[in-house]
Protein chains: 2
Amino acid sequence: MEILQAMPKRTDAKEHLIAAAVRLFRAHGYDGVGVAQLLEASGAPRGSLYFHFPGGKEEIAIAAIRRASARVGERLAARRARGEAPEVYIDGVLNAWAEELSASDYANGCIVAIIALEMGERAPALREETRAAFMKWETEFAAAARAWGMRETDAESFASAMLGAIEGAIALSRAKQSAAPFAHAATALKALARDYLAGSGPSG
Amino acid sequence: MEILQAMPKRTDAKEHLIAAAVRLFRAHGYDGVGVAQLLEASGAPRGSLYFHFPGGKEEIAIAAIRRASARVGERLAARRARGEAPEVYIDGVLNAWAEELSASDYANGCIVAIIALEMGERAPALREETRAAFMKWETEFAAAARAWGMRETDAESFASAMLGAIEGAIALSRAKQSAAPFAHAATALKALARDYLAGSGPSG
DNA sequence: TCCGATCTATGACGGACGGTCTAGTTGCTT
DNA sequence: AAGCAACTAGACCGTCCGTCATAGATCGGA
């Protein structure tokens with residue numbers, strides 16, 4: 001029997017900390033956010049950080065990536081369950097991101113992408129986490145593509161292109177303070193899906 | 001008469017500083033690189049930084065973005081002058097980036113994208129610089145597309161999709177330590193170009 | 001040829017903040 | 001009421017970026 005999970009939880013500081021980390025990291029990047037900001041934003045006391053996350057800032061970032069990965073993954077799974085046509089699905093996913101960006105005045109980016117770009121060999125654990133998050137989302141896209149009747153290898157290629165187009169559109173959108181890049185990305189992805197589904201694939 | 005430009009240049013510290021800034025920022029981001037690292041990498045003394053760049057770190061970052069923007073822009077212009085077919089051009093550009101990433105063990109990213117993602121309202125001057133750099137490259141892509149016979153609006157949409165696909169592929173490539181995302185992005189872009197050039201456009 | 005004047009270059013310094021840790025307090029359980 | 005897990009406060013030292021007084025280099029004028 002697991003009695004550990006019955007341990008009384010006296011505060012929800014850990015939850016608040018993760019939520020603040022997701023929010024701040026995806027707006028300013030890993031190095032752009034100090035633990036002091038994390039603590040202030042979450043309302044958690046200073047000492048709690050290393051109790052809940054003995055690994056310090058890096059462990060918080062890992063938790064934040066996992067949280068974001070799971071949440072976005074759930075939304076994608078829910079959308080896929082609707083069985084939408086390619087055009088509807090692609091527009092839906094891209095529009096959701098466009099809305100996310102414009103609603104936050106182009107402050108909210110993707111925590112996975114920015115940490116992937118910041119972290120080279122500096123923090124292998126973080127990079128591994130970004131890899132896992134990207135793969136999770138790609139798996140979702142590939143599953144949607146297979147449901148449309150796309151061949152396995154084509155579906156994987158499409159999934160990579162779709163994820164890349166989204167992440168790139170986020171970067172462009174932030175720089176230009178405009179949601180237009182998402183529309184252009186959607187157009188490209190719909191053309192790719194049409195090509196792959198037309199028959200022999202885009203190169204034939 | 002401009003006599004200022006005739007002032008003797010006793011050291012090339014400024015050049016070294018910009019070169020080091022481009023190299024380090026694109027690997028670790030703006031906040032991931034300290035002034036001390038810039039100085040050590042360039043061999044310049046501390047005081048020289050604030051002589052050449054009174055605006056400090058932010059001004060160096062602006063200079064670094066401009067440098068990168070110009071260098072990449074020149075390469076793109078040179079490639080465009082070759083008058084390559086869409087497939088060749090797209091593969092060429094994407095392969096160049098793939099090579100850049102893999103040759104550096106996936107350390108070298110795009111200084112424009114990472115700074116665009118890191119900087120929200122924190123540094124408007126930097127964000128404006130990223131916007132300008134992205135627009136310059138988009139203009140290049142659009143010019144190439146027009147040369148293939150693409151209509152004006154289609155060319156602009158294609159250019160945005162191409163830049164976004166590249167920047168996204170860089171993020172994925174770093175996370176996965178693989179150049180595969182560039183190949184998938186290239187496939188998508190070739191499909192888009194084919195669609196746009198086929199006649200009435202991808203939505204007709 | 002010498003001499004200020006002006007431009008260029010430098011590294012030691014400081015206030016602030018970075019992430020981390022240890023020593024201590026709280027409150028549940030028995 | 002004792003023991004232990006859950007939690008917290010404050011201070012730690014290193015690094016952060018930017019400033020400063022001063023040293024070196026170059027030039028125009030006498």
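Every chain is numbered from 1, with letters handed out A, B, ... down the list of sequences. Small disclaimer: the values here were computed from a predicted structure and weren't measured.
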Inset, instruction - Rounded off to whole Å, could you give me the CG-to-P distance for the B:L38 and D:dT15 pair? - result: 17 Å
Legend entry - B:E15 CD to C:dA9 P, straight-line distance once rounded to whole Å: 13 Å
Legend entry - Atom pair distance, as rounded to whole Å: CG in A:D12 and C1' in D:dC7: 13 Å
Legend entry - Ionic contact status for A:E128 with A:R131, cut-off 4.0 Å: yes
Legend entry - Ring centroid separation A:Y89 to A:W148 under 6.0 Å: yes
Legend entry - B:S69 side chain to B:I65 backbone, donor-acceptor under 3.5 Å: no
Legend entry - Any donor-acceptor N/O pair, B:R174 side chain to B:A107 backbone, under 3.5 Å: yes
Legend entry - Rounded distance in Å - CG (B:L39) to P (D:dG18): 11 Å
Inset, instruction - Can you tell me the distance, in whole Å, between the CG atom of B:L49 and the P atom of C:dT8? - result: 16 Å
Legend entry - Between C1' of D:dC16 and CD of B:E40, the distance in whole Å: 15 Å
Legend entry - Stepwise side-chain contact (heavy atoms from CB on, under 4.5 Å) check, A:E15 with A:H52: CA-CA 10 Å; A:E15 277 305 307; A:H52 293 298; over 6 Å; no
Pairs under 3.5 angstrom, nitrogen or oxygen only, protein versus nucleotides 11-18 of chain C, please.
from	atom 1	to	atom 2	distance (Å)
C:dG11	N7	B:G47	N	2.9

Inset, instruction - Would you mind telling me which residue lines up with the more 5' stretch of DNA chain C, A:Y30 or B:F51, judged by nearest nucleotide? - result: B:F51
Inset, instruction - Calculate the interatomic distance between B:H16 atom NE2 and C:dA9 atom C1'; express it in whole Å. - result: 15 Å
Inset, instruction - Consider the side chain of B:Y50, meaning its heavy atoms from C-beta on, and name the nucleotide among D:dT8, D:dT19, C:dG19 that approaches it most closely. - result: D:dT19
Legend entry - Nucleotide D:dC17, atom C1' - distance to CZ of B:R122 in whole Å: 14 Å
Inset, instruction - Could you please spell out the steps behind the side-chain contact (heavy atoms from CB on, under 4.5 Å) verdict for A:V93 and A:R75? - result: CA-CA 9 Å; A:V93 173; A:R75 284 192 212 160; over 6 Å; no
